[in-house]
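Data block below; observations after.
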Amino acid sequence: RVQLEESGGGSVQTGGSLRLSCVVSGYTYDKDCRAWFRQAPGKEREGVASIFVGRGYTSAATKLYTDSVKGRFTISHDSAKNTLYLQMNSLKPEDTAMYYCAAKALFASWSNPDTYWGQGTQVTVSS
């Protein structure tokens, strides 16, 4: 059974930092894509950052970020721990949202029913 479990959310002031973690278990693809999404109240879910993981994918070129977080957020993956991270610096009130990690086959769509999702962790940034 595939499980994704996020942690690390919380409340910070503008300019603060948080590090989200997502432990992945039961996922056996040799290569796959993992990502962080977020959803604020009344808004659609949006992709924040994604990364290719697995044999051969170690270059920074495999990481993608939405424009609003470039230069502030960093996605990374520890293969030994099978854990996905999102380091968030210089946080802004508009970063307030529920953050979800997700994993899918390398070239599948995120809307594919075989995409796996965590339960989410809340990030709140106050001004």
Provide the closest heavy-atom pair for [X] versus [Y] in the form atom of the first, atom of the second, distance.
| X | Y | value |
| --- | --- | --- |
| Ser17 | Ser90 | OG-N, 4.3 Å |
| Ala102 | Trp110 | CB-CZ3, 3.6 Å |
| Gln39 | Lys43 | NE2-O, 3.1 Å |
| Tyr99 | Arg38 | OH-NH1, 2.9 Å |
| Ala49 | Leu86 | CB-CD1, 4.3 Å |
| Ala40 | Ala97 | N-CB, 3.8 Å |

Out of curiosity, [X] [atom1] to [Y] [atom2], how far, rounded to the nearest 0.5 Å?
| X | Y | atom1 | atom2 | answer |
| --- | --- | --- | --- | --- |
| Gln87 | Leu18 | CD | CG | 8.5 Å |
| Phe37 | Arg45 | CZ | CZ | 6.5 Å |
| His77 | Tyr85 | NE2 | OH | 9.0 Å |
| Arg19 | Met88 | CZ | CE | 11.5 Å |
| Gln3 | Gln119 | CD | CD | 9.5 Å |
| Thr124 | Asp95 | OG1 | CG | 11.0 Å |

Indicate yes or no for a side-chain donor-acceptor contact from [X] to the backbone of [Y] under 3.5 Å, with no hydrogens or angles considered.
| X | Y | value |
| --- | --- | --- |
| Asn82 | Val24 | yes |
| Thr83 | Asp78 | no |
| Asn112 | Ser109 | no |
| Tyr116 | Cys101 | no |

message: Take a 6.0 Å sphere around CD of Gln122 and say whether it holds more than 12 heavy atoms from other residues, nucleotides or ligands.
response: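 Atom CD in Gln122 is crowded, with more than 12 foreign heavy atoms closer than 6.0 Å.
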- prompt: Should Tyr65 and Leu84 be counted in the same cluster of Ile, Leu, Val, Met, Phe, Trp and Tyr side chains packed under 4.5 Å apart?
  reply: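 The answer is yes; both residues are in one hydrophobic cluster.
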query: Heavy-atom distance under 4.5 Å between the side chains of Val123 and Leu20, does that happen here?
result: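 The answer is yes; the side chains approach within 4.5 Å.
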- request: Any side-chain hydrogen bond (donor to acceptor under 3.5 Å, both in side chains) involving residues 4-14? Give me the pairs, sequence neighbours left out, ordered by first then second residue.
  value: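 Listed by first then second residue: nothing to list.
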task: Could you check Trp36 against Phe73 for ring pair (Phe, Tyr, Trp, His ring centres under 6.0 Å), going step by step and ending with a plain yes or no?
output: CA-CA 11 Å; Trp36 290 97; Phe73 290 12; over 10 Å; no
